[in-house]
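What follows is a short report on a single structure.
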Amino acid sequence: MAITRLTLAPLLLIAAVILSTETSAQPAAPAPGPAGPINLTAILEKGGQFTTLMHLLKITQVGEQVNIQVNSSSEGMTVFAPTDNAFQNLKAGTLNKLSADEQVKLILYHVCPKFYSLDDFLSVSNPVRTQASGRDNGVYGLNFTGEANQVNVSTGYVETRVSNALRSQRPLAVYVVDMVLLPGEMFGEHKLSPIAPAPKSPSTGVSDDDTKSDSSKKAAASPADKSASGERRVGLGFGFGLVVLCLKFLF
């Protein structure tokens, strides 16, 4: 029995060495690679209720602008994302009546050129600038109020609560809102009109020089007209005198 144990001991030792060699030879798991660039559309797709917003971000090209800026800017960005229900609750025809430029301004109004956490909104100076600020010489700002974990956003035309965040890490914050943020500059009582170049005054084809020339001609012709009228009166008087003289001789 002792001999059998002595015989198996070297074999077990060899097997242990072989197993440890095979285990150490296995390649280590690859380290996770760096995260890819931030994509706003991908974040909204994951949220699952932002089809209309994604469509507007695409046709206005604002989505691509946000992706470029958020991946290159140190300030970060903040996006307010109205749900599909928020767009459906708009008055019928609201979006269809907007021009292409107005659609761009509406979507830019939902984007702030700086990263804001929910706590930041409680201490910001209102109004907060948006990407639409300055368009048509308008403010296009957002006003925030609230306390604790509840924050409300107002456009001066509509007001709603800032709901949960689809993303809250720098450099991009995306917050859900249950209403479309309609700027007062576009939908309010004193909405701004798009700036257009001043129309040119129509040309009449008559210059000031022509007017002055006509006046000069009239002024120059006036003495001649008066002289001719005087000569006619003298001629008539002389003729009448001759007739009277002849009648005296006859009678």
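- Rounded to the nearest 0.5 Å, atoms CE (Met77) and CZ (Arg170) are 13.5 Å apart.
- For the atom pair OG1 (Thr41) and NZ (Lys46), the distance works out to 15.0 Å, reported to the nearest 0.5 Å.
- The main-chain N or O of Val70 is never found under 3.5 Å from a side-chain atom of Ser73 such that the two would form a donor-acceptor pair.
- Tyr175 is not listed as a side-chain neighbour of Val151, based on a closest heavy-atom distance of 4.5 Å or more.
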Next on the checklist: Walk me through whether Leu98 and Met186 qualify under side-chain contact (heavy atoms from CB on, under 4.5 Å).
Outcome noted: CA-CA 10 Å; Leu98 298 179; Met186 290 175 59; 4.0 Å; yes

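- Residue Tyr157 comes nearest to Leu182 through the heavy atom pair CB-O, 3.6 Å, listed as atom of the first residue, atom of the second, then distance.
- Counting all heavy atoms, side chain and backbone alike, Asn143 lies closest to Pro127 at OD1-CA, 3.5 Å.
- Note: the hydrophobic cluster containing Val158 also contains Val177 (ILVMFWY, side chain heavy atoms under 4.5 Å, direct or indirect links).
- A donor-acceptor contact shorter than 3.5 Å links the side chain of Asp84 to the backbone of Thr52.
- The two residues Gln65 and Leu108 come nearest to each other via the heavy atoms OE1-CD2, 4.3 Å.
- A continuous path of Ile, Leu, Val, Met, Phe, Trp and Tyr side chains, each step under 4.5 Å between heavy atoms, connects Val174 with Leu56, placing both in one hydrophobic cluster.
- Heavy atoms only, all atoms of each residue included: Asn67 and Leu40 are closest at OD1-N, 2.8 Å.
- Side chain of Glu102 to main chain of Ser99: a donor-acceptor pair is present (N/O by atom type, distance under 3.5 Å, no hydrogens or angles).
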Checklist entry - Should Val176 and Phe50 be marked as a side-chain contact (heavy atoms from CB on, under 4.5 Å) after you check the CA-CA gap, both sets of side-chain angles, and the distance that decides it? => result CA-CA 10 Å; Val176 179; Phe50 305 97; 3.8 Å; yes

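- Judged by distance alone, the side chain of His110 and the main-chain N or O of Leu181 form a donor-acceptor pair under 3.5 Å.
- Considering only residues two or more places apart in sequence or on other chains, Asp120 meets the side chain to side chain donor-acceptor pair (under 3.5 Å) condition with Ser117.
- Atom CG of Leu95 is separated from atom NE2 of His55 by 9.0 Å, given to the nearest 0.5 angstrom.
- Side chain of Arg129 to backbone of Cys112: no donor-acceptor contact under 3.5 angstrom is found.
- In this pair, Phe144 and Phe121 present their aromatic rings parallel. The plane angle is below 30°, not in the 30 to 60° band.
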Next on the checklist: Evaluate Thr145 against Glu159 for side-chain contact (heavy atoms from CB on, under 4.5 Å), listing each step before the verdict.
Outcome noted: CA-CA 10 Å; Thr145 57; Glu159 182 174 350; 4.2 Å; yes

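- Between Asn85 and Asp178, every side-chain heavy-atom pair lies at or beyond the 4.5 Å cut-off.
- Remark: the backbone N or O of Tyr140 is paired with a side-chain donor or acceptor of Glu185 at under 3.5 angstrom.
- When the side chain to side chain donor-acceptor pair (under 3.5 Å) test is applied to Ser154, no partner is found at least two apart in sequence or on another chain.
- Val153 and Leu90 fall within a single hydrophobic cluster, where Ile, Leu, Val, Met, Phe, Trp and Tyr side chains are chained together by heavy-atom contacts under 4.5 Å.
- Listed for the Ser133 side chain is a donor-acceptor partner under 3.5 Å among the backbone atoms of Thr130.
- Note that OG1 of Thr60 and CG of Leu106 are 9.0 Å apart. Values are rounded to the nearest 0.5 Å.
- Proximity of Tyr116 to Val124: side-chain heavy atoms (C-beta onward) are separated by under 4.5 Å at one or more points.
- Within the 4.5 Å cutoff, the side chain of Gln103 has heavy atoms near those of the Ile59 side chain.
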Item to check | CA sep, side-chain torsions, deciding dist, call: Phe87, Leu53, side-chain contact (heavy atoms from CB on, under 4.5 Å) | outcome: CA-CA 8 Å; Phe87 282 102; Leu53 177 59; 4.1 Å; yes

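- Pro183 and Thr155 get closest at one heavy-atom pair: CA-CB, 4.4 Å.
- Separating the OG1 atom in Thr51 from the CG atom in Leu44 is a distance of 9.5 Å, to the nearest 0.5 Å.
- Here the CD1 atom belonging to Ile38 is positioned 9.0 Å from the CD atom belonging to Gln169, to the nearest 0.5 angstrom.
- Closest of all the heavy-atom pairs between Leu122 and Glu147 is CD2-N, 3.8 Å.
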